[in-house]
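Scroll down for the structure; my scribbles are underneath it.
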2 protein chains.
Amino acid sequence: MAENKHENILRAAQKLFAERGYDGTTVPMIAEEAKVGAGTIYRYFENKQKLVNELFRGSVAQFAATLRDGFPEHKDFRDKFRHVFYRLVRYSREQPEAFRFINATVNAYFLDEQSKSDFEGFMDFIERHLDEGKEAGLLRDLPAQAFIAIVYGTIFHLSRMFEDGTLEPADELLAGIEKSCWDAVSAV
Amino acid sequence: MAENKHENILRAAQKLFAERGYDGTTVPMIAEEAKVGAGTIYRYFENKQKLVNELFRGSVAQFAATLRDGFPEHKDFRDKFRHVFYRLVRYSREQPEAFRFINATVNAYFLDEQSKSDFEGFMDFIERHLDEGKEAGLLRDLPAQAFIAIVYGTIFHLSRMFEDGTLEPADELLAGIEKSCWDAVSAV
DNA sequence: AAATCCGGAATGAACGTTCATTCCATTATT
DNA sequence: AATAATGGAATGAACGTTCATTCCGGATTT
């Protein structure tokens, strides 16, 4: 029961931050959602800003783990690309609140330095993977950041559409978009 | 000087909303940035929520105008696609605050119905244009929304990178990314 | 032409409310 | 019984908003 509260507060905060943003969410709101007293939150977190930063880093770590887990280190680059694409999609679908929260928070004024560098470290993982493909001559002559914009940007927007019902996720659709992204980045 | 104040307040609000979000921006902050008294804001706007909605609709209208202006109605689809791509990029570069504000605000809880439908109307313009290309058999067999995710999502992420200096905008780079996007959506 | 008056624009102090945070009596655990 | 954890009332700061007052350019009166 004890350690559960820490987790309950984080989950409640994640849900509310994803819905209403950091400043639009009050500490009493988080307390009610987590079914604890407002004061209890301060037994687990120094203040609201420490809470949001801890949540952010935890979400980024989980996100990074999702990508790294089962990474086909010894298969060819096409498989690695597919892996990253589908894991990005998987995370955005299985943890839509976390995904939305992360993306809404990346550039926020209340993120501390550690949170920012944690996220950069995660992005570096994607960038290194893309650089490898570039060196192998499989990708176009564009900076790795451009590929990130294409792949991550596409998936980010896609997840918005899945969430608000503009688009229905389906295996066939995802396969088609994965192919589109690959065609967008692969050398002609 | 009179009508200027209305505009000064909107610009100040846009800057602050883009940086800190709606709830993270206080009315006195807007007043200071606009160099007016806090009470003056209420001579021009009924309340903070009306202000953010008026700002949103104005930004969307300007955004839509940027896309529609000079639209090559009588050229072929490839040119129209290029036009939309470059106008999206242009707006995100010339009005980075407005672009960021719009994207951060699209799904916000404080947007009223008119604001939401104004934005939908704008998206419909892009969707109709894509459907035309689909009917002509020039695009892949994917829903128009998927193309929007690819093109708009890419540009959205790109503009983030241009803003924070992760990536330098250059004609050659943009031409490469436009080509990538076209290859992602065009029939094989 | 100078002095006075006028009305709306502008202001910022003040209001009631709500916020993040603290405090403490009560409850649960050891 | 002692200690730790808890919830929610209490607190002061800060919020959005209001309003009594000031300001100021143009009309009116002298």
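Proteins get letters first, then strands, A, B, ... in listed order; numbering begins at 1 in each.
- Checked by atom type, the side-chain pair B:H83/B:E73 shows no donor-acceptor distance below 3.5 Å.
- Side-chain polar atoms of B:H157 and A:Q145 form no donor-acceptor pair below 3.5 angstrom.
- One atom, NE2 of A:H6, and another, C1' of D:dT6, lie 16 Å apart when rounded to the nearest Å.
- Protein atom CG of A:N4 is 15 Å distant from nucleotide atom P of D:dA5, rounded to whole Å.
- Whole-Å rounding puts the B:K35 NZ to C:dA10 C1' distance at 17 Å.
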Tell me, for nucleotides 13-19 of chain D in 5' to 3' order, what letter each nucleotide earns: B for a base near a protein heavy atom under 4.0 Å, S for only sugar-phosphate near one, - for neither?
--SSBB-
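- Under the side chain to side chain donor-acceptor pair (under 3.5 Å) test applied with B:D112, the options B:K50, B:R57, B:Q49 reduce to a single match, B:R57.
- Rounding to whole angstrom units, CZ of residue B:F45 and C1' of C:dA10 are separated by 15 Å.
- The CZ atom of B:R43 sits 6 Å away from the P atom of C:dA10 (whole-angstrom rounding).
- For the OP1/OP2 pair of D:dA5 and a distance below 4.0 Å, the side-chain nitrogens and oxygens of A:K5 include no atom meeting the criterion.
- Remark: the B:N8 side chain and the B:Y44 side chain contain no N/O donor-acceptor pair separated by less than 3.5 Å.
- Across B:V60 and B:D118, no two heavy atoms sit closer than the pair CG1-O, 4.0 Å.
- Separating the CD1 atom of A:I41 from the P atom of C:dC23 is a distance of 17 Å, rounded to the nearest angstrom.
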I'd like to know whether A:F110 forms a ring-ring contact (aromatic ring centres under 6.0 Å, His included) with A:F56, so could you lay out the CA-CA distance, the side-chain angles of the two residues, the decisive distance to 0.1 Å, and finally the verdict.
CA-CA 11 Å; A:F110 48 80; A:F56 181 82; 8.9 Å; no
